[in-house]
There are 2 protein chains.
Amino acid sequence: MLYSLIKKQGITRVGMTISTVDKIIEIAELQVRAGGYNSFSFREISKEIGIKSASIHYHFPTKADLGVAIANRYTARFEEHLANIIASTGEPLERLEPYIALFSHALKVDKKMCLCGVLASESDVLPEALQLEAKRFFDVNIAWLQSALFPQSPQAKAQACFILASLEGALLMGKVMKSNTPFEHVIEQLRSQSWK
Amino acid sequence: MLYSLIKKQGITRVGMTISTVDKIIEIAELQVRAGGYNSFSFREISKEIGIKSASIHYHFPTKADLGVAIANRYTARFEEHLANIIASTGEPLERLEPYIALFSHALKVDKKMCLCGVLASESDVLPEALQLEAKRFFDVNIAWLQSALFPQSPQAKAQACFILASLEGALLMGKVMKSNTPFEHVIEQLRSQSWK
DNA sequence: ATCAACCTACCTACTGATAGGTAAATTGTA
DNA sequence: TACAATTTACCTATCAGTAGGTAGGTTGAT
């Protein structure tokens, strides 16, 4: 009862058992971020966890269901980080640096693309529910950047799109060029902008 | 004799027969740009052309070979466009607008991602030869932007990365959001930059 | 006794790839 | 010019492997 509550909420701490559902989503996320929706499989995930692929269908009836769950958790975590940035900063423009750090972490620590960046690039062939969930990540980010960084600016939305696009693109370039330099160049340019 | 020469060079005009090889690459490119490397198949291509999938193996022994051919043609065409921009402009900064138009065409006419943008985002799971070919697209673009737009600037490379990243990211956003607005916002910001 | 969370044992559909064959075009030689 | 040798561009048939998905059985905790 308590256990299942913990599992439903997905709470995991050091020493605490990670639920199968969380393991499935975690491994699936890494696989999607490495190679896209079509390159992750129930069999591959089941091997890494040590259960059978049929058992994954118990938790996620279809691949699309699991795909949506991955994107949903990813965006939810991102939203937590965004809220933390608001809570720990004063000046709006102070928030650019910790925002950049979220993407920097993906490239340098995870060494993976942004999940929704990958999904966006192959949007055409995704199940519709997953397309919508991927889109939501961008909606959330644009809305946050607008209000958190440029609350007064008439070009807030354009600037928000500009920042998000350049960071997603920078990840993309960093991955394929196997170098952090392009990403560094991009954030250097973002920092030196005269935002108004 | 003349015919095989035409085919080898891949020259195609109105009323001229398009070689099977060109048809294969053309259809494959569209499929990759829609859903990535793992979402195109020999069978799907063969159906659309009206030949058997085994026949595609005659022209391209492995899927990786075809993948490289697609990326190679894509970058070659891009390089032609880049050369045309140089030829038809005087001032370096005049070249930004026609460069943007190359990406605008992908989103608004093709309604597809940049081929190498898709490949970059799933770089980790690609055959190595294809990874390198995708990387080359970015090397070519960065080098061109540096010398064609900012021949004198000490931050030429950073600015080149910035432009390319923001345009790739803008395509990505345009696709998933099913809207041209994010792309428009990005190029509006690019235009209003005070490049030095 | 119930029920969540697995399991075994399948299925169908599709993947890239290979073997072996063929008609037609091309090429080299006499 | 004639003809044999070779090449091109396909074909049919089949392979092993993998994909997502399902029906029904087992296990273990409440």
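Note on naming: letters A, B, ... go to the chains in the order of the sequence lines (proteins, then strands), and numbering restarts at 1 for each one.
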| query | Of all the nucleotides listed (D/dG21, C/dT18, D/dT12), which has the minimum atom distance to the side chain of A/Ser53? | reply | D/dG21
Identify the pairs formed between an N or O of the protein and an N or O of nucleotides 20-22 of chain C at a distance under 3.5 Å, and give each distance.
none

| field | Selected nucleotide, minimal atom distance to A/His57 side chain, candidates C/dA17, D/dT12, D/dT22 | value | D/dT22
Kindly give the atom pairs (protein nitrogen or oxygen, nucleotide nitrogen or oxygen) under 3.5 Å for nucleotides 12-15 of chain C.
unit_1, atom_1, unit_2, atom_2, d
C/dT15, OP1, B/Ser41, OG, 3.1

| query | Would you say the side-chain atoms of A/Gln189 and B/Gln193 include a donor-acceptor pair closer than 3.5 Å? | reply | no
Sequence neighbours left out, cut at 3.5 Å: what donor-acceptor pairs do the side chains of residues 98-105 of chain B make with other protein atoms?
unit_1, atom_1, unit_2, atom_2, d
B/Tyr99, OH, B/Asn141, OD1, 2.6

| said: Test your reading of the model: is there a side-chain donor-acceptor pair from A/Tyr37 to the backbone of A/Val118, 3.5 Å cut-off? | reply: no
| task | May I have the distance from A/Leu130 (atom CG) to D/dG20 (atom P), rounded to whole angstrom? | result | 14 Å
| field | Length of the CD1-P vector between A/Ile45 and D/dG21, whole Å | value | 12 Å
| query | Taking NZ from B/Lys52 and P from D/dT14, how many angstroms apart are they, rounded to a whole number? | reply | 14 Å
| request: Take A/Lys196 and A/Gln152 through the test side-chain hydrogen bond (donor to acceptor under 3.5 Å, both in side chains) and record every step on the way to the result. | output: CA-CA 8 Å; A/Lys196 26 186 162 180; A/Gln152 313 293 353; over 6 Å; no
| said: Check whether A/Lys63 reaches the backbone of A/Phe40 with its side chain - one donor and one acceptor, N or O, closer than 3.5 Å. | reply: yes
| message | Counting only side-chain nitrogens and oxygens, does A/Thr62 get under 4.0 Å of the OP1 or OP2 atom of D/dG20? | response | no
| message | At less than 4.0 Å, is any side-chain N or O atom of A/Ser55 found next to OP1 or OP2 of C/dC7? Yes or no. | response | yes
| task | Please state how far atom CD1 in B/Ile49 lies from atom C1' in D/dC11, giving the value in whole angstrom units. | result | 15 Å
| request: Return the orientation label for the B/Phe137 and B/Tyr74 ring planes: parallel under 30°, perpendicular over 60°, tilted otherwise. | output: tilted
| Side chain of A/Ala54: nearest nucleotide among D/dA23, C/dA4, D/dG20? | D/dA23
| request: Using heavy atoms to find the nearest nucleotide of DNA chain C for A/Tyr58 and B/Phe60 separately, return the residue whose nucleotide is more 5′. | output: A/Tyr58
| How many Å lie between CG on B/Asn38 and C1' on D/dT18, as a whole number? | 12 Å
| said: For the backbone of A/Ala34 and the side chain of B/Glu122, can you confirm whether one donor and one acceptor N or O come within less than 3.5 Å of each other? | reply: no
| In terms of the angle between their ring planes, are A/Phe162 and B/Phe162 parallel, tilted or perpendicular, with boundaries placed at 30° and 60°? | perpendicular
| query | So, the side chain of B/Ser55 versus the backbone of B/Ile51: is there a donor-acceptor pair under 3.5 Å, distance only? | reply | no
| task | Write down the distance between NE2 (B/His59) and C1' (C/dG16), rounded to a whole number of angstrom. | result | 17 Å
